Amino acid sequence: MKLYEYLAKGRLQAHGIPVPPGKLCQTADEVAEAVKEISPAAVKAQVLVGGRGKAGGIKFAQNPEEGRKVASEILGMNLKGYTVEQVYVEGKIDVEREFYVSVTVDRNARRPLIMASAHGGVEIEDVEDKYIVRRHVDEAFGMQPFLARDIAAEMGLTGDIQKQVAQILLKLYEVFRTEDAELVEINPLVVSQGKVIAADARLNLDDAALFRHQGLPEVAEGTPLEQRVKEIGLAFVELDGDIAVMANGAGMAMATLDALQHYGGRPANFLDAGGGASVEPTAQAMGVLVDMNPKAIFVNIFGGITRCDDVANAIVQVKKTRGIPVPLVVRLVGTNEQEGVDILRREGIDAFREMSEAAQKAVAVAGEGR
Amino acid sequence: MAIIINDETRVVVQGMTGNQGSFHTGQMLLYGTKVVAGTSPSKAGQVHQGLPVFASVREAVVERGANASIIFVPAAGAKDAAFEAIDAGCSVVVMIPEHVPVQDSILIVEYARFKGAKVIGPNTFGLISPGKSKMGIMPNHIYKPGPVGLVARSGTLSYEIAAALTNAGLGQTTAVGMGGDPVVGQVFNDVLHEFERDPETKACVLVGEIGGSAEEEAAEFIKTMTKPVVAYLAGRAAPPGKRMGHAGAIIERGRGTLESKRMALEAAGATVVEMPWEVASAVKKLLG
């Protein structure tokens with residue numbers, strides 16, 4: 001789960017990392033009021049997309065009137081598909097230097113990785129490797145102060161700034177561990193009047209660990225349809241094509257999209273119906289596909305733990321209760337295959353055995369392909 | 001021969017009395033796996049699936065000679081279960097649960113390194129050495145003994161490919177599920193090392209997907225391998241920034257793309273096929 005900037009900064013501050021003063025606002029009046037105390041201020045859209053500044057989601061205000069004006073411009077605007085409902089009014093900082101610091105998980109080393117650079121800011125992606133310090137932490141023993149000092153020194157920092165950055169690195173690692181983060185990143189970490197401050201922050205929490213962190217506000221991620229399927233408990237991603245897809249297992253679902261694309265089709269979604277889904281969730285998932293109003297629906301099942309007769313019954317249930325008004329292509333092999341095929345055939349639905357043939361057929365009935 | 005598990009593997013099932021644990025214990029017994037005991041702190045002393053239920057893994061090791069564990073407990077308890085199994089001396093620990101916090105997985109992997117144990121998963125379908133032993137949730141009927149070593153991230157997709165291999169007359173030495181999480185105990189690289197050493201494995205199949213760089217890392221080792229490798233990679237059609245079901249399957253900031261994996265594997269001498277149904281014929285061709 002990604003946290004909004006204001007929440008991320010709140011967590012950093014709770015762990016002792018300096019952040020600028022700020023206030024969360026929902027209306028232009030609130031912004032005007034906030035700018036009385038915080039001035040000059042940056043008024044920042046609270047949405048979970050990058051590049052807010054360039055898209056017009058960050059503006060500056062010297063006084064309450066300007067605050068009201070820029071707030072009315074930002075609040076309600078559409079920023080890369082998200083409507084801005086809240087802004088964060090934050091003290092504008094004079095930036096002397098910009099650093100980059102982050103802690104994330106290195107999947108290959110299977111250890112936390114600290115990355116730091118004295119060349120922070122919006123161009124961090126383009127910074128040469130030699131200017132980025134990378135150090136792993138042995139989590140069995142935890143982060144050590146010497147490592148933070150080492151990293152700050154290797155960044156090329158000296159004196160008091162080096163000390164401040166080392167302190168922040170220690171605290172950043174503490175945030176990573178105690179908040180169960182997948183990523184905590186400060187970019188830029190700025191020097192302003194001799195003080196090192198987190199000017200922007202990203203904190204992505206591990207969804208699997210949320211049970212250890214009660215009371216966090218729900219942050220709605222994804223499109224309305226994605227949110228609906230998430231509530232059913234299935235993995236779903238909307239894509240921009242028009243062949244709706246259901247498969248069992250994440251890898252299988254990805255391979256199914258690849259197969260459609262291979263034959264020139266355009267998949268409308270990723271949907272993993274689960275490795276061993278029974279009738280009811282499978283029927284719910286089918287219902288979502290029908291609601292997407294696609295040109296065709298492609299169901300690709302390799303029955304291992306999933307039983308083909310369960311999948312067939314789910315399809316028939318949806319067909320009988322609400323109808324499937326678009327062409328349907330089903331590929332069904334594996335456990336209880338014959339039972340499944342028979343159930344479908346009684347309803348006039350043919351099932352394929354080969355994934356390649358079925359994918360070609362789905363592309364053809366959608367009127368796509370070569 | 002086979003890798004990691006064989007007919008001398010004696011399995012304790014942690015969380016045997018739950019729904020999933022109970023069902024799959026039955027399936028493993030049917031397959032011929034030497035399941036010797038289960039654990040459940042609240043049901044210790046009972047008999048389940050004809051097997052003794054102990055309060056701890058240590059008892060299963062001492063009383064029944066267990067040397068491997070498969071874990072079916074809920075994700076929140078998975079770390080404790082894995083530490084218990086490793087501490088009791090299990091040399092193989094298979095972690096079925098999904099949604100294990102990544103920081104827990106990091107500690108589990110560190111502890112396994114320290115104790116010299118092999119952790120498979122979490123979020124894995126397990127592993128199977130056909131005809132010898134199965135520790136996992138894969139269907140029993142799609143494998144048969146033979147010369148192909150299979151390693152995959154994803155369960156169902158690997159079943160599809162295993163079944164196609166079997167249908168083509170290409171049995172398997174061992175099929176290993178690496179797991180779909182960002183941090184797992186055994187990665188492609190580790191498993192390929194084992195296959196390279198195994199005299200009965202004549203060719204390897206790697207089923208990868210977008211996200212992370214385990215495939216690129218494996219490519220470094222494939223360069224030095226004497227055995228041919230066929231790879232299929234899923235996620236060609238996946239857009240950046242969207243998590244494709246697995247916690248690990250996401251293209252982030254241009255990293256973990258299918259193209260970088262394909263190029264690395266091909267440069268290392270692996271045969272990379274476009275579609276899953278092309279794997280079996282590619283293996284057949286390489287084995288001659």
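These values consider heavy atoms only, across backbone and side chains, with no hydrogens, waters or symmetry-generated copies. So that the names make sense, note that chain A is the first sequence line, chain B the second, and so on, each numbered from 1. Quick caveat, the model's predicted, so the values are computed rather than measured.
- Judged by distance alone, the side chain of A:N269 and the main-chain N or O of A:V245 form a donor-acceptor pair under 3.5 Å.
- Interface residue B:E160: backbone and side-chain heavy atoms are both found under 4.5 Å from chain A.
- With a 4.5 Å cut-off on non-hydrogen atoms, B:E98 does not touch chain A at all.
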- request: Could you give me the CA-CA distance, side-chain angles and deciding distance for A:R307 and A:E339, then say whether salt bridge (Lys or Arg N to Asp or Glu O under 4.0 Å) is met?
  value: CA-CA 9 Å; A:R307 288 166 36 181; A:E339 291 91 325; over 6 Å; no
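- Proximity to chain A is limited to the backbone of B:L233, based on heavy atoms less than 4.5 angstrom apart.
- Heavy-atom pairs under 4.5 Å with chain A were tallied for B:K242, B:Q103, B:H141, B:H99; the largest tally goes to B:Q103.
- Ranked by heavy-atom pairs under 4.5 Å with chain A, the list B:P139, B:A237, B:S154 is led by B:A237.
- When the options B:R236, B:R153, B:H246 are evaluated for a side chain to side chain donor-acceptor pair (under 3.5 Å) with B:E209, the one that passes is B:H246.
- Of all the listed residues (B:E274, B:R113, B:E216), the one sharing the greatest number of non-hydrogen pairs under 4.5 Å with chain A is B:R113.
- Using a 4.5 Å cut-off between heavy atoms, B:R243 contacts chain A through both its backbone and its side chain.
- Using a 4.5 Å cut-off between heavy atoms, B:V102 contacts chain A through both its backbone and its side chain.
- Neither the backbone nor the side chain of A:R266 comes within less than 4.5 Å of any heavy atom in chain B.
- For chain B, the option among A:L260, A:V105, A:D258 with the highest count of heavy-atom pairs below 4.5 Å is A:D258.
- Test A:V333, A:V330, A:V329, A:L332 against A:F352 for side chain to side chain contact (heavy atoms under 4.5 Å, CB included) and you get one pass: A:V329.
- Residue contact with chain A, scored on non-hydrogen atoms closer than 4.5 Å, is absent for B:V207.
- Heavy atoms closer than 4.5 Å to chain A are found nowhere in B:A75, neither backbone nor side chain.
- Of the possible polar contacts, none joining the A:K295 side chain to the A:G241 backbone as a donor-acceptor pair under 3.5 Å is found.
- Proximity to chain B is limited to the side chain of A:D206, based on heavy atoms less than 4.5 angstrom apart.
- Between the side chains of A:Y173 and A:Q144, no donor-acceptor pair is found at a separation under 3.5 Å.
- For chain A, the nearby part of B:D190 is the side chain; its heavy atoms alone come within less than 4.5 Å.
- Looking at B:P182, the atoms closer than 4.5 Å to chain A (heavy atoms on both sides) sit in the backbone and in the side chain alike.
- For a residue to count as touching a neighbouring chain, one of its non-hydrogen atoms must lie under 4.5 Å from one of that chain's; by this rule A:A247 does not touch chain B.
- At a 4.5 Å heavy-atom cutoff, the contact between A:E182 and chain B is made by side-chain atoms alone.
- Contact tally against chain B (heavy-atom pairs below 4.5 Å) for A:A140, A:A253, A:S356: the top residue is A:S356.
- With a 4.5 angstrom heavy-atom cutoff, B:Y232 touches chain A only via side-chain atoms.
- Counting only N and O atoms by type, the side chains of B:Q172 and B:T166 include a donor and acceptor under 3.5 Å apart.
- For A:D240, no part sits under 4.5 Å from any heavy atom of chain B, backbone or side chain.
- Judged purely by atom type and a 3.5 angstrom limit, A:K80 has no side-chain atom pairing as donor or acceptor with the backbone of A:R52.
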message: Before you tell me yes or no, could you show the steps for A:R111 and B:E110 under salt bridge (Lys or Arg N to Asp or Glu O under 4.0 Å), namely the whole-Å CA-CA distance, both residues' side-chain angles and the distance that decides it to 0.1 Å?
response: CA-CA 8 Å; A:R111 286 186 167 160; B:E110 291 285 3; 2.5 Å; yes
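- Using modelled atom types, one finds a donor on one side chain and an acceptor on the other under 3.5 Å when comparing A:N108 with B:S213.
- Chain A forms the most heavy-atom pairs under 4.5 Å with one residue out of B:G155, B:P276, B:G248, B:P239, and that residue is B:G248.
- Residues B:A214 and B:M178 come closest through the heavy atom pair CB-CE, 3.8 Å.
- Contact record, B:P101 with A:A208: CG-O, 3.6 Å, taken as the closest heavy-atom pair.
- At a 4.5 Å heavy-atom cutoff, the contact between A:E125 and chain B is made by side-chain atoms alone.
- No donor-acceptor pair closer than 3.5 Å links the side chain of A:D242 to the backbone N or O of A:A268.
- Proximity to chain B is absent for every atom of A:F236, based on heavy atoms less than 4.5 angstrom apart.
- Of the possible polar contacts, one joining the A:E226 side chain to the A:E238 backbone as a donor-acceptor pair under 3.5 Å is found.
- Comparing A:R107, A:M252, A:M254 by how many heavy-atom pairs each has under 4.5 Å with chain B, the most go to A:R107.
- For B:M275, the part lying near chain A is the side chain, with the backbone staying farther off; criterion is any non-hydrogen pair under 4.5 Å.
- With chain B as partner, the option from A:A235, A:A259, A:G303 having the largest number of non-hydrogen pairs under 4.5 angstrom is A:A259.
- You'll find the side chain of A:F302 reaches within 4.5 Å of the side chain of B:I142, heavy atoms only.
- Of the two parts of A:L239, only the side chain, counted from C-beta on, holds a non-hydrogen atom closer than 4.5 Å to a non-hydrogen atom of chain B.
- Residues B:D87 and B:K115 approach most closely at OD1-NZ, 4.1 Å, considering heavy atoms.
- Counting heavy-atom pairs closer than 4.5 Å to chain A, the top residue among B:I137, B:D104, B:V183 is B:D104.
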